[in-house]
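Each chain gets a letter, A, B and so on, in the order the sequences are listed, and its residues count up from 1. This structure is a prediction, so every number in the text was calculated from the model and none was measured.
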Amino acid sequence: MKRKTFNRQAEDILNSMDGAARAVPNDALFRLIEQRVSIPFSKGRTVSLGTLSAAAASVAVLIMLNLALLSKKQDAMPSGDARAVVEYYGILDNGEMGGI
Amino acid sequence: MLPEELLQYIAKGDNDAFRQLYELFKARVYNTCLSYLQNTGDAEEATQDVFVEIHHAAAKYQGNASVSTWIYRITVNKCLDRLRYNNRQKRFSFLTSIFNRDTGALMHDAPTFEHPGVKAENREQSIMLFKAIRQLPENQQTAFILKQIEGLSQREIANIMGVGEKAVESLLQRAKANLRKILSDYYKSDEG
């Protein structure tokens with residue numbers, strides 16, 4: 001009996017949109033669409049948050065890789081070579097260039 | 001003027017033709033968007049997106065499908081995109097604010113939706129129906145909305161979804177079976 005009642009109720013719910021009128025948008029909506037359409041495509045184009053985040057993440061990874069590579073190179077440079085470079089270019093202790 | 005001709009004029013930049021096409025299809029587009037998104041603000045934004053897309057793509061319309069099918073296809077895609085975006089946002093906000101700070105109530109429960117065109121005697125049932133529709137998989141949702149709410153034929157739905165008529169029939173059967181199951185769960189939880 002209960003099952004029968006539920007089945008009938010379920011059918012009523014599934015068919016509850018029968019004979020419903022279509023919803024109509026607000027009158028002002030077309031003006032908004034016209035405004036969007038009149039903006040040149042290049043100006044009106046937006047970048048999604050996902051694309052922006054992916055681009056930002058790529059830049060961050062590139063910067064980190066560069067920094068890691070630079071610090072590795074500095075660590076690997078033998079101190080003797082560094083000294084030779086300083087002497088060759090005449091870089092003084094205070095950071096000024098010597099007479100080249 | 002026929003919709004096909006209107007599109008040709010729109011492609012040449014005729015604003016009157018665009019207005020005429022809008023008047024012809026605004027209710028179909030908006031009603032479909034409202035059925036998917038169940039929120040007037042979202043439905044209005046999606047309707048804007050659809051007509052902006054129609055304006056930009058008018059020159060690309062090749063007449064392989066009827067204008068109505070072409071517009072419904074754009075509408076369904078825009079609505080599904082927006083639904084996916086909303087779901088992503090919901091998942092994210094669920095992590096940051098599970099509870100309302102003021103009342104302590106759960107915030108992720110979607111509000112009830114009342115379709116403005118429903119007959120007064122069917123109001124309560126339609127609220128239950130829209131709540132259940134939200135839980136269907138995308139393709140079943142599309143088939144059900146286009147059939148039961150937009151009143152399209154299976155052939156039209158098949159053309160919009162890019163599948164065969166048999167596939168639409170099967171999607172509708174599965175959608176109804178799933179809706180019955182969801183509704184029976186509500187029924188049980190109400191009794192218990």
*Selection from B/Ile133, B/Thr40, B/Asp49, B/Val29 maximising heavy-atom pairs under 4.5 Å formed with chain A*: B/Asp49
_No-hydrogen, no-angle side-chain donor-acceptor test under 3.5 Å, B/Thr32 and B/Ser35_ = no
*asked:* If I measure from the heavy atoms of chain A, does B/Glu150 come under 4.5 Å with its side chain, its backbone, both, or neither?
replied: both
*Sort B/Tyr85 into side chain, backbone, both or neither according to what part of it lies under 4.5 angstrom from a heavy atom of chain A.*
neither
*asked:* One thing to verify: whether B/Glu23 and B/Lys26 come together as a salt bridge, which I'm taking to mean a side-chain N less than 4.0 angstrom from a carboxylate O.
replied: yes
*Which atoms of B/Leu34 come close to chain A, meaning under 4.5 Å heavy atom to heavy atom: side chain ones, backbone ones, both, or neither?*
side chain
*B/Asn15 and A/Glu34: side-chain donor and acceptor closer than 3.5 Å?*
no
*Against chain A, label B/Arg123 side chain, backbone, both or neither, depending on which of its atoms sit under 4.5 Å from a heavy atom there.*
neither
*Note: B/Asp81-B/Lys78 ion pair, threshold 4.0 Å (strictly below)*: no
_Please verify the inter-ring angle class for B/Phe113 with B/Phe130; under 30° counts as parallel, over 60° as perpendicular, anything in between as tilted._
perpendicular
*B/Phe51, B/Tyr22, B/Phe18, B/Phe144: which one forms the most heavy-atom pairs within less than 4.5 Å of chain A?*
B/Tyr22
